[in-house]
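Contents: one structure, followed by commentary.
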Amino acid sequence: MEILRNFVVFEGGDGSGTSTQIALLGQRFADYCRETPVFFPTAEPTDGAIGVLIRSALKKDPILKPDTLARLFAADRGEHIYAPDGIYERCKRGELVVCDRYVLSSLVYQGIECGDALPRSLNAPFPAPELLLFFDIEPRIAQERLRSRPSLEIYEHLAFQEKVREQYHAQLGSFRSAGVRVEIIDASHRMEKVAEEVWSHLSKMPIFE
Ligand code: TMP
């Protein structure tokens, strides 16, 4: 598996705070690192055509079969990585790309829904990140955070999120063995403390030397 240098991925169950942390990181870059490296925050599903369709399907409009969703997530990812000015090109030219969710989300969520084989084969061609931060949190606490949302998506219920957490823990080891630096963050802390921990891991990357 190719490890893509300068590529960082945030992973975690729903409500684990990954999006908030990417926003806080953006703020830190704006305040302190205006010139180098260039910081490119991004997320999956993307806001491209396939990602928009996925977002609708997550709200059951339309209702899609789990294996269709697995294929859509992988197709969205293929564009995200390899399109001109995509993740691959940016990392290769020395930008720091931080992505909210990536291959491991498919292995975990679609793995639960349609078994391991399909998401594994669909995602096998994609490069792995240099650093993977897993935001670990008790699903019950994460569900509390989601309560204020106007409507919940198809995976946002406690029984599913318990399986999600279990699967994340089960699958992190294979990324470590493949040479990815994996760090587990206690995401139940207040967001400022989590942000410091995120920064302590990121700032050790060779791109900052
Ligand atoms: P978000 O809540 O982080 O915006 O992600 C949207 C949902 O999509 C979340 O429940 C996780 C799910 N998801 C997958 O099931 N497979 C994937 O490959 C990705 C990227 C997200």
Side-chain angles (χ1 to χ4, degrees), residues 7-26 41-81 86-87 97-129 132-137 139 141-168 170-172 175 185 187 191 194 198:
F7 184 30
V8 180
V9 167
F10 287 8
E11 288 282 359
D14 292 78
S16 61
T18 53
S19 317
T20 306
Q21 289 301 324
I22 292 200
L24 291 175
L25 201 52
T42 187
E44 295 185 1
T46 69
D47 51 15
I50 305 169
V52 169
L53 173 58
I54 294 172
R55 290 263 172 223
S56 290
L58 292 174
K59 299 199 180 320
K60 299 194 187 166
D61 177 25
I63 295 177
L64 296 178
K65 283 164 24 65
D67 60 326
T68 307
L69 263 177
R71 291 188 170 88
L72 286 176
F73 277 116
D76 186 39
R77 183 161 299 131
E79 291 299 316
H80 199 196
I81 290 278
I87 291 175
V97 177
V98 180
C99 188
D100 190 357
R101 300 193 178 282
Y102 184 60
V103 164
L104 185 53
S105 281
S106 281
L107 300 185
V108 166
Y109 286 73
Q110 280 62 61
I112 294 169
E113 288 281 80
C114 32
D116 286 346
L118 181 65
R120 261 188 205 290
S121 71
L122 290 170
N123 287 281
F126 299 126
L132 189 158
L133 299 187
F134 171 56
F135 290 69
D136 194 23
I137 187 167
I141 302 174
Q143 286 291 120
E144 283 295 312
R145 294 181 179 177
L146 296 176
R147 272 236 206 133
S148 56
R149 298 201 182 165
S151 68
L152 293 182
E153 296 177 348
I154 52 175
Y155 303 131
E156 292 175 338
H157 57 91
L158 188 57
F160 191 84
Q161 292 298 320
E162 301 274 9
K163 290 189 202 158
V164 163
R165 186 182 194 203
E166 197 183 292
Q167 275 307 306
Y168 268 120
Q171 302 214 29
L172 285 174
F175 281 79
I185 295 201
M191 67 182 185
V194 175
V198 167

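Here, residue 1 is the first one in the sequence, and each next residue gets the next number. Both counts, for ligands and for their atoms, begin at 1 and track the order of listing.
Remark: Q143 pairs with no residue by the side-chain hydrogen bond (donor to acceptor under 3.5 Å, both in side chains) rule, at least two apart or across chains.
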Sub-3.5 Å pairs, protein N or O with ligand 1 N or O:
{"unit_1": "ligand 1", "atom_1": "3 (O)", "unit_2": "R101", "atom_2": "NE", "d": "2.7"}
{"unit_1": "ligand 1", "atom_1": "4 (O)", "unit_2": "R55", "atom_2": "NH1", "d": "2.9"}
{"unit_1": "ligand 1", "atom_1": "4 (O)", "unit_2": "R55", "atom_2": "NH2", "d": "3.1"}
{"unit_1": "ligand 1", "atom_1": "5 (O)", "unit_2": "R101", "atom_2": "NE", "d": "3.3"}
{"unit_1": "ligand 1", "atom_1": "10 (O)", "unit_2": "D14", "atom_2": "OD1", "d": "3.1"}
{"unit_1": "ligand 1", "atom_1": "10 (O)", "unit_2": "D14", "atom_2": "OD2", "d": "2.7"}
{"unit_1": "ligand 1", "atom_1": "15 (O)", "unit_2": "Q110", "atom_2": "OE1", "d": "3.4"}
{"unit_1": "ligand 1", "atom_1": "15 (O)", "unit_2": "Q110", "atom_2": "NE2", "d": "2.9"}
{"unit_1": "ligand 1", "atom_1": "16 (N)", "unit_2": "Q110", "atom_2": "OE1", "d": "2.8"}
{"unit_1": "ligand 1", "atom_1": "18 (O)", "unit_2": "R77", "atom_2": "NH2", "d": "2.9"}
{"unit_1": "ligand 1", "atom_1": "18 (O)", "unit_2": "S106", "atom_2": "N", "d": "3.3"}
{"unit_1": "ligand 1", "atom_1": "18 (O)", "unit_2": "S106", "atom_2": "OG", "d": "2.6"}

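Using a 4.5 Å heavy-atom threshold, the side chains of Y109 and R101 count as touching. Annotation: side chain of C99 is in contact with side chain of T42 (closest heavy-atom distance under 4.5 Å).
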Run the numbers on I50 and E79 for side-chain contact (heavy atoms from CB on, under 4.5 Å), then give the verdict. CA-CA 9 Å; I50 305 169; E79 291 299 316; 4.3 Å; yes
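Using a cut-off of 4.0 Å between Lys/Arg side-chain N and Asp/Glu carboxylate O, D61 and K59 are scored as not salt-bridged. In summary, R147 and E144 engage in a salt bridge, as defined by a charged side-chain N under 4.0 Å from a carboxylate O.
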